[in-house]
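Here the structure comes first, spelled out in structure tokens, and everything after it is commentary.
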Amino acid sequence: QVQLVESGGGLVQAGGSLRLSCAASGTIFRINAMGWYRQAPGKQRELVALINSGGSTNYADSVKGRFTISRDNAKNTVYLQMNILKPDDTAVYYCNADVRTYRWSYKDSNYWGQGTQVTVSS
């Protein structure tokens, strides 16, 4: 089993910054893509940012230029630096990882973190 532990959420005023961290642990041979999703009240969960094992990134249009995703492969950790935060960024943020658990396996599995609350006040 793989566990994803998130940290860094909290309350911040509009225009401020937060840095989210997500560390993966457990039975891991290789982590493929890692990403951050968010879900605001009354809305569907949406992709915020994605980074693959080679460092290629993808961002939602709403956060481009403000958020930066990065990863430390040696620590099995992904980060989300959030700058110029807006009230519309308020949501529960979830870490996600696509993982190959065993070297001899052809199948990958997807795991989710517990979620961390980010609240941006106006």
Side-chain angles (χ1 to χ4, degrees):
Q1 189 78 338
V2 175
Q3 297 82 41
L4 303 178
V5 179
E6 301 164 333
S7 62
L11 175 65
V12 65
Q13 292 184 341
S17 298
L18 286 173
R19 182 177 174 87
L20 305 183
S21 299
C22 173
S25 62
T27 305
I28 300 172
F29 170 68
R30 184 184 69 209
I31 300 178
N32 302 310
M34 301 186 77
W36 290 95
Y37 295 72
R38 68 185 181 188
Q39 187 166 21
K43 296 183 179 180
Q44 293 183 331
R45 187 173 298 186
E46 64 174 350
L47 175 67
V48 177
L50 188 70
I51 184 168
N52 68 15
S53 60
S56 179
T57 59
N58 186 39
Y59 296 93
D61 289 340
S62 60
V63 307
K64 286 181 179 177
R66 299 188 297 120
F67 291 9
T68 302
I69 189 171
S70 61
R71 64 190 288 171
D72 186 335
N73 292 328
K75 298 180 179 179
N76 288 332
T77 300
V78 63
Y79 306 93
L80 185 67
Q81 179 66 47
M82 304 185 294
N83 297 325
I84 319 176
L85 283 162
K86 304 175 180 180
D88 286 347
D89 295 320
T90 296
V92 177
Y93 284 71
Y94 297 91
C95 179
N96 178 267
D98 190 63
V99 178
R100 178 156 297 183
T101 54
Y102 300 102
R103 183 178 183 270
W104 56 86
S105 177
Y106 292 97
K107 293 180 64 68
D108 301 326
S109 299
N110 195 256
Y111 296 90
W112 291 93
Q114 76 283 359
T116 184
Q117 178 70 48
V118 172
T119 302
V120 184
S121 62
S122 60

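Only a predicted model underlies this, so the values are computations on that prediction, with no experimental measurement involved.
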Decide whether [X] and [Y] are clustered together by the hydrophobic rule: side chain heavy atoms of Ile, Leu, Val, Met, Phe, Trp, Tyr closer than 4.5 Å, transitively.
X: Val48; Y: Leu50; value: no
X: Val12; Y: Leu80; value: yes
X: Ile51; Y: Tyr79; value: no
X: Leu20; Y: Ile69; value: yes

Aromatic ring pairing Trp112/Tyr94, orientation class (parallel under 30°, perpendicular over 60°, tilted between):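 Ring orientation of Trp112 relative to Tyr94: perpendicular.
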
Could you check whether any side-chain heavy atom of [X] comes within less than 4.5 Å of a side-chain heavy atom of [Y], counting everything from C-beta outward?
X: Val78; Y: Ile31; value: no
X: Arg38; Y: Ser62; value: yes
X: Ser109; Y: Val99; value: no
X: Asn58; Y: Leu47; value: yes
X: Thr68; Y: Tyr59; value: yes
X: Tyr111; Y: Thr101; value: yes

Neighbour count >12 (heavy atoms, 6.0 Å) for atom CZ, Phe29: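 Check passes, neighbour count above 12.
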
Measuring from [X]:[atom1] to [Y]:[atom2], what's the distance to the nearest 0.5 Å?
X: Thr27; Y: Gln3; atom1: OG1; atom2: CD; result: 8.0 Å
X: Leu18; Y: Leu85; atom1: CG; atom2: CG; result: 5.5 Å
X: Asp108; Y: Asn32; atom1: CG; atom2: CG; result: 4.5 Å
X: Gln81; Y: Ser21; atom1: CD; atom2: OG; result: 9.5 Å

Which heavy atom of [X] sits nearest to which heavy atom of [Y], and what is that distance?
X: Pro87; Y: Ala14; value: CD-CB, 4.2 Å
X: Gln117; Y: Ala91; value: NE2-O, 3.4 Å
X: Cys95; Y: Leu4; value: O-CD1, 3.7 Å
X: Met34; Y: Cys22; value: CE-O, 4.4 Å

Has the side chain of [X] got a donor or acceptor atom that lies under 3.5 Å from a matching backbone atom of [Y]?
X: Asn83; Y: Phe67; result: no
X: Glu6; Y: Gly115; result: yes
X: Arg66; Y: Met82; result: no
X: Thr90; Y: Val120; result: yes

All side chain to side chain contact (heavy atoms under 4.5 Å, CB included) counterparts of Ser53, not counting sequence neighbours: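 If we apply the side chain to side chain contact (heavy atoms under 4.5 Å, CB included) test to Ser53, skipping adjacent residues, the hits are Arg71.
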
Pair Lys86 + Asp89: basic N to acidic O under 4.0 Å: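 Not counted as a salt bridge, because no side-chain N and carboxylate O are separated by less than 4.0 Å.
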
